[in-house]
> 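Here it is: the structure, laid out below.
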Amino acid sequence: MPLRFFNTLTRQVEDFMPREAGKVRLYTCGPTVYNFAHIGNFRAYIFEDLLQRHLEYRGLKVDRVMNLTDVDDKTIRGCRACGMALADFTAPFKKAFFEDLDTLRIKRADHFPEATAPEHITRMIGMISTLIEKGHAYRAEDGSVYFRIRSFADYGKLAHFNPEELRDGVRVRNDEYEKENVGDFALWKAWDEADGDVGWESPWGRGRPGWHIECSAMATGILGPELDIHCGGEDNIFPHHEAEIAQSECVTGKKFVRLWMHCRHLQVEGSKMAKSAGNFFTLRDLMEKGWSGREVRYALISVKYREPLNFTFEGLAAARSALQRLDEWTTRLQELPKGASGENLMETGDAFGEALDDDLNISAALAVIFDMIRTTNRRMDEGTLTPGEAISLLKWVKGVNAVLGFEAEAGAVPAVVGELLARRAEARAAKEWKLSDTIRDEILATGWIVKDTKEGQKLTPAPRGGA
RNA sequence: GGCGGGGUAGCCAAGUGGUAAGGCACGGCUCUGCAAAAGCUGUAUUCGUCGGUUCGAUUCCGACCCUCGCCUCCA
């Protein structure tokens with residue numbers, strides 16, 4: 001079965017075939033670094049991570065770009081409010097972003113271009129010049145340059161609406177008289193007071209690039225004029241990606257992107273995440289509440305990317321339980337008495353991968369995992385699972401984790417806990433239950449749960465609160 | 001007003017023209033000094049409502065109700 005993905009452009013699930021066999025050119029819209037990213041942003045990045053890892057699981061080489069927008073209205077406003085240089089203001093947020101990616105086990109892209117890098121600014125200016133030459137853009141009185149949407153017949157194709165019929169919105173600003181058409185968007189924004197010392201020289205005077213042209217320049221600059229896949233959150237469909245298509249195709253004359261994939265927004269406890277509603281969370285907020293990056297990852301990845309995801313603490317707790325079950329099963333397999341390897345291997349099949357082939361059907365893929373856990377746990381209870389089968393299963397789950405990234409943290413047991421365990425074992429041998437229970441509490445206080453099994457005491461890391 | 005996505009057990013959520021995956025929670029059992037943990041196991045005559053097509057619809061068609069999102073710089 002081939003890989004199949006839903007294409008926002010055609011609104012259909014299509015067979016996926018990269019332009020160059022075996023290689024995927026993937027562009028993913030990254031963060032604007034004016035603040036810490038919130039969990040809604042991370043839903044998009046985790047979806048993209050799942051996509052990349054699955055493509056790689058299928059043997060494709062992925063060349064991925066994720067841009068960092070480090071100049072726009074918000075970053076400028078932020079740096080001016082703090083009285084800092086733009087680069088000094090954005091630096092800590094860039095750093096935090098990469099830390100958060102690690103926390104969530106999101107694989108690094110191959111390139112993280114920054115909009116303010118000189119080579120990209122130069123490229124943007126070059127593209128804008130070409131657009132003006134070809135009649136797709138014009139300079140307004142104040143020195144700003146706008147894209148002329150009437151010059152591009154396909155404008156509106158991605159979002160599936162006619163730009164001429166857009167409702168007059170409250171967002172139409174009163175400086176629109178400078179544009180030929182309210183739908184024309186800025187390629188270059190002329191400097192004004194509010195920009196302070198942020199600005200670059202251009203053939204049209206001092207100013208800064210518009211948001212859309214940043215992505216077009218970085219995408220085509222690094223991946224070439226024709227991308228295989230371009231991803232982002234659904235809110236990027238219009239105007240951002242629509243604008244990217246227009247700019248890029250008018251410059252290169254080639255089809256910019258073959259497959260557009262967008263993930264739905266995240267809701268929190270049933271309503272839109274907003275600071276005013278008190279349900280706005282950054283990853284850091286959740287970490288402080290005691291949730292792990294792996295748990296957040298599970299919660300955000302476990303609902304299909306094309307469905308709205310309602311983020312709740314109940315869902316986070318469900319993620320924790322499900323992961324513990326997976327951990328427990330893996331540990332059981334690892335502890336199965338070792339026998340001759342290479343014998344009685346098990347055919348584990350590829351139902352997991354096939355589920356993901358179908359437009360990243362994560363629910364079906366997770367069901368495959370839990371079915372496997374249940375059936376093999378049953379056999380371990382019966383004592384009929386052979387060491388060879390356990391080896392096969394461990395190999396299988398390793399493949400699963402190459403895509404999902406759910407492997408347990410390698411938490412080393414502190415020496416203190418080891419001593420407590422030894423003392424408790426003595427107490428238990430002497431049937432001093434009271435002492436045994438006291439030590440159990442002491443161990444729990446260090447963050448570990450002791451379980452008494454047939455094979456003796458076993459440790460499990462205790463969740464760090466969070467409920 | 002335009003365009004689009006949803007409504008499946010307490011919660012989350014797959015799915016198919018032939019009679020409902022999976023996860024969490026909950027109950028039962030096993031294990032255990034007790035507990036915890038873990039494992040097993042049970043739980044939707046039913047898939048928003050009303051019609052239609054069909055031998056048969058949760059799945060196709062129509063109407064309606066509810067809900068969410070986008071409509072110019074928010075992932």
Side-chain angles (χ1 to χ4, degrees), chain A residues 8 11 28-32 37-48 69 72-74 149 156 159-163 165-169 171-173 176 182-186 189 210-212 214 231-240 242-243 262-267 270-274 298-299 302-304 306-312 314-326 328-329 331-332 355 358 361-371 373-374 377-378 380-382 428 431-434 436-437 440 444 449-454 458-460 462:
Chain A
T8 306
R11 290 188 176 167
T28 51
C29 281
T32 300
H38 58 69
I39 54 174
N41 299 324
F42 285 117
R43 181 191 193 191
Y45 306 142
I46 285 176
F47 141 65
E48 289 154 1
T69 296
D72 79 320
D73 291 350
K74 289 189 292 264
I149 62 168
H160 293 92
F161 55 66
N162 182 347
E165 293 172 2
L166 294 184
R167 185 175 66 169
D168 288 341
R171 296 211 210 174
V172 176
R173 301 203 310 248
E176 303 298 352
V182 286
D184 290 354
F185 54 88
K189 292 183 162 188
W211 177 40
H212 314 309
E214 293 178 7
C231 304
E234 60 173 340
D235 55 307
N236 278 157
I237 296 171
F238 193 89
H240 188 51
E242 196 70 61
H262 295 94
C263 80
R264 294 297 305 268
H265 269 190
L266 176 75
Q267 295 199 311
S271 55
K272 188 167 182 171
M273 180 163 62
Y298 188 102
S302 61
V303 173
K304 180 160 178 163
R306 283 205 290 128
E307 300 297 331
L309 165 57
N310 185 19
F311 183 88
T312 63
E314 195 183 348
L316 217 36
R320 172 172 287 174
S321 299
L323 284 168
Q324 279 171 350
R325 183 145 162 236
L326 177 61
E328 204 64 44
W329 175 74
T331 306
R332 250 184 121 179
D358 181 19
N361 188 340
I362 187 69
S363 297
L366 291 174
V368 170
I369 295 172
F370 287 103
D371 279 337
I373 289 177
R374 189 172 358 86
N377 262 332
R378 208 180 288 148
M380 281 191 271
D381 285 352
E382 293 164 358
R428 294 181 63 73
K431 294 195 187 294
E432 292 180 41
W433 307 125
K434 223 168 183 159
S436 166
D437 291 352
R440 181 164 68 200
L444 180 62
I449 292 170
V450 189
K451 304 187 291 182
D452 297 310
T453 71
K454 279 177 192 163
K458 279 189 186 172
L459 284 175
T460 313

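Protein chains get the first letters and strands the later ones, always in sequence-line order, with residue 1 at the start of each. Heavy-atom basis, side chains included; hydrogens, waters and symmetry copies ignored.
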> Reckon A:R440 has a side-chain N or O less than 4.0 Å from the OP1 or OP2 of B:A36?
no
> Pick the closest RNA chain B nucleotide for A:I373 and for A:S363 by heavy atoms, then say which residue is nearer the 5' end.
A:S363
> I'd like a list of close polar pairs between nucleotides 25-31 of chain B and the protein, N/O only, cut-off under 3.5 Å.
unit_1	atom_1	unit_2	atom_2	d
B:A25	OP1	A:S321	OG	3.3

> Under 4.0 Å between a side-chain N/O of A:R374 and OP1 or OP2 of B:G22, yes or no?
yes
> Who are the side-chain hydrogen bond (donor to acceptor under 3.5 Å, both in side chains) partners of A:R378, not counting sequence neighbours?
none
> So what does A:E234 hit on the nucleic acid, given a heavy-atom distance under 4.0 Å: a base, only sugar-phosphate, or nothing?
sugar-phosphate
> Is there ring stacking between A:H265 and B:A75, where the centres must be under 5.5 angstrom apart and the planes under 30 degrees?
yes
> Sort out the partner of B:U16 for me: Watson-Crick or G-U wobble, both distances under 3.5 Å, none otherwise.
none
> B:C24 P sits how many Å from A:L366 CG, rounded?
11 Å
> Select from A:F370 and A:K434 the residue whose nearest nucleotide in RNA chain B is closer to the 5' end of that strand.
A:F370
> Please state whether the phosphate of B:U41, meaning OP1 or OP2, lies under 4.0 angstrom from any side-chain nitrogen or oxygen of A:R378.
yes
> Only counting residues at least two apart or in another chain, list the ones meeting side-chain hydrogen bond (donor to acceptor under 3.5 Å, both in side chains) with A:T69.
A:N67, A:E214
> A:A367: what forms a side chain to side chain contact (heavy atoms under 4.5 Å, CB included) with it, not counting sequence neighbours?
none
> List in chain and number order the residues that pass side-chain hydrogen bond (donor to acceptor under 3.5 Å, both in side chains) with A:H262, two or more places apart in sequence or in another chain; answer none if no residue qualifies.
A:T8, A:H241
> Using the P atom in both, what is the distance from B:A63 to B:G4, to the nearest Å?
14 Å
> Side-chain N or O of A:N377 less than 4.0 angstrom from OP1 or OP2 on B:C40?
yes
> Do any N or O atoms of the protein come closer than 3.5 Å to N or O atoms of nucleotides 66-68 of chain B, and which pairs are they?
unit_1	atom_1	unit_2	atom_2	d
B:C68	O3'	A:Q267	NE2	3.1

